[in-house]
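Since the structure comes first, as structure tokens, the remarks are kept for the end.
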Amino acid sequence: MTLLIAALLASPLAQAGSGPWSLSPGDHTLYLGVEAQRFDHLALSSGSGADDVLQVSDGMQTFGVKAIASLGLLPRLEGELVLPWQSVRNNRPSDFPCDALGLKACEPTSGVGIIRARLKGQWLDQLVGAPLSAAIGTELRLGQLTASTRQRLTNRGEGTMDVGGFASFGRTGGLGNGYWSAFLEGGGRYRSKNRSYDAVDAPGAEFWAEGELFLAPSRAVAIGPTAAWISRPEGVDIEEMLADTSIVLDRDRLSALTFMSAQAGLKALVRTGNAVTTSVGVSRTIYAVNNPTDVWSVDLGLSARGFLTKKDRQP
Amino acid sequence: MSELHAGDLIAERFRIESLLGEGGIARVYKVRHTRLGSTHALKILHLLKPALADRLLLEGRIQAQLHHPNLVRVTDVVEHQGMPCLVMEYVAGTQLQELLVEQGALPLDVALPMFAGILSAVATAHDLGVLHRDLKPANILLTRQGDRWLPKVSDFGIAKIASGGLREGETQAGVTMGTPGYMAPEQIEDSSQIDHRADIFALGALLYEMLSGSRPFAQDTTYKTLKATIEGQLSPLRELQPGVPAHLAQAVHRCLAVEMEDRFPDCHALADALFADQPVLRALVSKLEAEAIPEGLQRPESTRLSPDSSAVRTSPEPLPTPTVEQAQAPAPLMPLGSGATLVADPTDLPAFDPAAFSPARQTEETSRMSIGVAGPGAQTQADSEVDEESDEHEPPPRKRGLSVPTLAGLALAAGLGVSGLWWMMQPEPAEPVAASSALTPALSGAVPGTAAPNTAAPSNGPSPQPEPLAAAAAAPAPVVEEPVVEEPVVEPVVKEPPVVEPVVKEPVAAPPPVVEQPSVEEPTAEEPAAEEPAAEEPAAEEPSAEEPVAELEPAAEAPPPPPAIVGTWSGTANNLPLTVQITSQDGERISGVVTITQGASERVSRISGSISAASNRLSFAEEGGSGLSFSGVVRGTGMMGTYSSRGKEGSLSWSAQRR
């Protein structure tokens, strides 16, 4: 679902690639994770718990698996590839408003989601004396595999190809025998247009930001809060969409929506050994406009570093 | 395609007079033939999309086959700026929608004859395998014939040929077409799977509205309307209009059945049911249909029906076939308010003065309801012929700009980026390495120049016999000082006099002390006791008074092996968690991995370097170009020093302890 996918994208990404830090040349990580989401209510206009909230039958839920591969290409230059697979379903696809919206709005969908490739260059490194670490990067998202079901509330994407850039800032410091770290990352992306409704492109450009704070009593364990925000300022409200039959009955109706979603959560990391890290996170929507208001997200993942070069391991 | 203006010439023979209306993909102009002087309507695409052009041309071909007095005729196809334009019959008048808004429910004697013409037109199209898919009051044009209304069905632009079919994908699966409130339930779900019974549904909705003045499924919002349609929620017609005959209401409700199978199978069955007590109207439907089909034109088997066919009927017995006189008699439409049932001569063209009629304004809601084909790249607004005097325009979807918080966030990110760039351009300050003085207390207890307690330096010879050290007091042991190195952390090596040497293993010089070359490979058994090698403590040898001090010069001594540092060392580098893993050591050459924790990720790099046997000075660097380079010294279970980025001035401190 465009709206649910927005929430998926808003939830903080686990492990690989987050923050301004980059892998050393030749170093590599592979993250494998599972995630699940659920929501029951859809805000029609604004706010969290606003009056215009639509109960979406018995709720919608998503289950997905994700693989993230990161590779240090050059000093301070890192590449990343994200490959997700998702299954989205509604328990009552024939209930209101699914049946009223037509176009098989709530039929389940499953398959590869939006594939993403990233290139990140670190241009400030706290390790060499900078006050903080910083990086800039670019990303390419390929959503063509989601195009066939983009009209459904259960879609996995809007079938577009997107190009964007981002910047990331972070800092790490000592904390007793451990450390603390924090980063803030944000960017924007241009989305290739499915169609136009008068002066409104569908979908419009999006802007996003996410941040994490970790407190680690030792190198092995870290825990801290996370936050994420995403916005698509260009578009129509749900009410406008529903009132305009040229939009509501069109396959790209969800692309035409403007929306905003903010989520907050908690994440924990456990490093077992030198090369394996386990992460677990949970988050919830705290504010939404034209988006689900009560999305719960849970993710669990495992990240392995340098598994292709055994001699890096500790003897 | 650029907008046309009054006076523009199309295809060298049609002069633009005014804009009649505009839809999602096309505009309709009123034009006049420059030679014939006739007035026509010209439909032009205003989006240059080949797919839409093909569709428009297809629309023209379809409508050109339909010759019916109650259908808007297509008379020609011309080209303008490379795009096809349809030349159609100009219908001066109004729309049924405006009439309903102005008058509300129509009297039976007005509604039924009007509907008969509409039904006949749709039946004709169905007989040719053509579906309308968007029947609604806005697509029914009304033209005056004296005091009568002549309905004309327009906008077959989204029609699909049910029999022959288009090129595969012409009308794509999943494309939804129609107008809420008039769309059949199956059309809402998936319009690619509908048939003529969807038009039957729309006709039922149309007649319901004509008789009651209300749309059958209208709700506050569109999705509620769609929900009501799917669930069949509507008020009984006779509750709104008790004067409607029961059989009429029953027929209307049957048209609006949720399931296709429950509706009338075709327009003829509907006509039988509606006009069961009005044989003239029933006959008119058949007559008009029969006249509309060109002679010799094959009707598709699936749609070939006739009033006396064995298809399902609503009347208990077949209607009598109208006589030739009845069929050919002019049947004027019911004049407004009149009780007579007359049918106008459908072949009469109206001589109507548009100025005599002021159409009602369209409601905003109904003006939105014209939609067309939706598909990738296609516009979804239908090209309905909107009266040019209607000034109620559908407000365009709001285009939202960037919100203030978004702008603030972008500004903050930009500010941080600029400040970082500014900082990076500043020269890096040299880190004062004052830690060297602090290192000394930590190194107490370790004697410079001696091997660490866990050194792996081999010793092949037997352990030398311990001798009393009293003789050492005879002459002070020479103090050998190593030159002070430039590394501030490296302290000069001072050898303690043997009298204070606590090392047990140090060999004891024989009474005639001789400076020996320390050689771990020489078995002491081969040498006299005087030649016991002083492998670990050169200062332990007791030179005799006759022996010069020069006999104890370091050049004669074998250099001690470097400290073994293989293992894992944990500490910090500029307050960042640091782990140094020395995985191999070959003499003074070392290699391993350094890991620095930053955030949730770790920077891991292979390193290679060396450690000095003489000074325990350590240096290693990250492999791969512009990595970090570390230098320092090993002191017992700790190592510390400074590091810097290659090619840059200054250095930062690091330290680590053996795990």
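Proteins get letters first, then strands, A, B, ... in listed order; numbering begins at 1 in each. Model, not experiment: these values are computed from the prediction.
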- prompt: Is A:Glu158 salt-bridged to A:Arg232, going by a charged N under 4.0 Å from an acidic O?
  reply: yes

query: Would you say B:Arg133 and B:Ile194 make side-chain contact, with heavy atoms under 4.5 Å?
result: yes

field: Portion of A:Phe214 that has a non-hydrogen atom of chain B nearer than 4.5 angstrom
entry: side chain

- prompt: If you count heavy-atom pairs under 4.5 Å with chain B, which of A:Gly204, A:Ala222, A:Ser181 comes out on top?
  reply: A:Ser181

message: A side-chain contact here means heavy atoms from C-beta on lying under 4.5 Å apart; do B:Arg606 and B:Glu622 qualify?
response: no

field: Greater than 12 external heavy atoms within 6.0 Å of A:Gln144's CD
entry: yes

statement: Cut-off 4.5 Å, heavy atoms of chain A, and the answer for B:Thr572 is neither

message: With ring-ring contact (aromatic ring centres under 6.0 Å, His included) as the criterion, how do B:Trp654 and B:Phe620 come out once you've worked through the C-alpha distance, each side chain's angles and the decisive distance to 0.1 Å?
response: CA-CA 13 Å; B:Trp654 68 276; B:Phe620 56 88; 5.8 Å; yes

query: Heavy-atom distance under 4.5 Å to chain B: side chain of A:Leu23, backbone, both or neither?
result: side chain

message: Which atoms of A:Ser148 are under 4.5 Å from chain B, going by heavy atoms: the side chain, the backbone, both sets, or neither?
response: neither

